[in-house]
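In what follows, a single structure is set out as structure tokens and then discussed.
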Amino acid sequence: MAERVGADRVRIGVLISGRGSNMAALLYASQAPDCPYEIVLVASNVPDAPGLDLARAEGVPVFAHAHQGLKRAEFDAIIDAELTRAGVEIVALAGYMRLLSDAFVAKWQGRCLNIHPSLLPAHKGLDVHEAVLAAGETVTGCTVHLVTPALDDGPILGQVRVAVLPGDTPDTLANRVHYAEHQLYPRVLAQLIRDRTSPEALLARIRTLALALPAAAEKLSHGSPGFFVEGGKFFAYFSYDHHHDGVTGLLVKASGLEEQAQLIENDPDLYYRPAYLGPSGWIGIRLDSGDIDWAHIEGWLARSWRASAPKRLAALPF
Ligand code: GRF
């Protein structure tokens, strides 16, 4: 699949409370031409966080709002509104010293990451380096994980191990772990984005949606995974570089050639005429041209299913 560049890069919002060295690592890594993300907002609950100055100096939009006096959910709603306004697709917590409200975590589920300076699940919470030294560990490290409601607990996306040296203090250890953090975070974020947009991940998601429809089943059709209604017809195909067209897309049934033409005319970046099924009124929806509106995809699958299902099934409410 083609690398996402320029306007197609995934838009990242970084939340910080302090120095922001991990934010800086993410930012500088994003200068690489093949980096799949760009940082579009750095936001903080600490208006004089040093990391905000760095972001400003690098020309990144910043937002700061003190959390004092606000309920957690109220404050998170303010941050969430800024993230949304900036068109953020993934949130990276980088030394953000706030517990998040359930509503915020739920909204950004699967799209919010955190970095923690230990080899999770060991040593969650604060004063990590003190705890590592007190426990007599010889190896520590850092972890990037997805954020879930429980603190420092979500699925682990990557770790780097760091040796504990004789004579280490919490400060010397924290410094070395920081080097490791700065390597880890950009790499894991880029990998998460590539995984989310890989053909395998896209097919897995399409498959989940398609097979959730009544009596839906899957079989290969001319080399493409196809989804059909048992006792009925195909209602969707996942198309990946079909006959080397370089496109990853979903093919579903439009009502006919007129609608097909209309859709393509209205949104030529999203819709296309599939080479082989085009003459019969199918429409291609690109899955490789930026952020995917999954509710829209789900709607198309349901509609196409209805058009293909035998009458007794199509009447089912779902
Ligand atoms: C890092 O150690 C990170 O793991 C933890 O907070 C610290 C933030 O450091 N969550 P910085 O602000 O990125 O320099």
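In this text, all values refer to a predicted model and were calculated from it rather than measured experimentally. In listed order, ligands and their atoms are each counted from 1. Computed over heavy atoms, backbone and side chain alike; hydrogens, waters and symmetry mates excluded.
- Contact between Ile115 and ligand 1 is present, with at least one heavy atom of the residue lying under 4.0 Å from the ligand.
- At least one cation-pi condition fails for Lys253 and Phe235: the charged atom is not both under 6.0 angstrom from the six-membered ring centre and inside a 45 degree cone around its axis.
- A donor-acceptor pair is defined here as one N or O able to donate and one able to accept, closer than 3.5 Å; such a pair exists between the side chain of Asp152 and the backbone of Gly125.
- When each atom of ligand 1 is checked for a heavy atom of His116 under 4.0 Å away, the hits are 4 (O).
- Using a 4.0 Å cutoff on heavy atoms, Gly20 counts as a contact of ligand 1.
- Shortest contact from atom 6 (O) of ligand 1 to any protein heavy atom: Gly95 CA, 3.4 Å.
- Protein heavy atom closest to atom 2 (O) of ligand 1, with residue, atom name and distance, is Glu181 OE2, 2.9 Å.
- Annotation: side-chain contact (heavy atoms from CB on, under 4.5 Å) contacts of Arg303 (sequence neighbours excluded): Ser255, Glu259, Trp300.
- In His178, the part holding a heavy atom less than 4.0 Å from any atom of ligand 1 is the side chain.
- Using cut-offs of 30° and 60° for the angle between ring planes, the Tyr271 and His296 rings count as perpendicular.
- Because its NZ or CZ atom is not both nearer than 6.0 Å to the ring centre of Tyr37 and within 45° of the ring axis, Arg11 does not count as a cation-pi partner of that residue.
- In the vicinity of Ser21, heavy-atom distances shorter than 4.0 Å reach the ligand 1 atoms 11 (P), 12 (O), 13 (O), 14 (O).
- A side-chain contact (heavy atoms from CB on, under 4.5 Å) with Val105 is found for exactly one of Val147, Leu99, Asp76, namely Val147.
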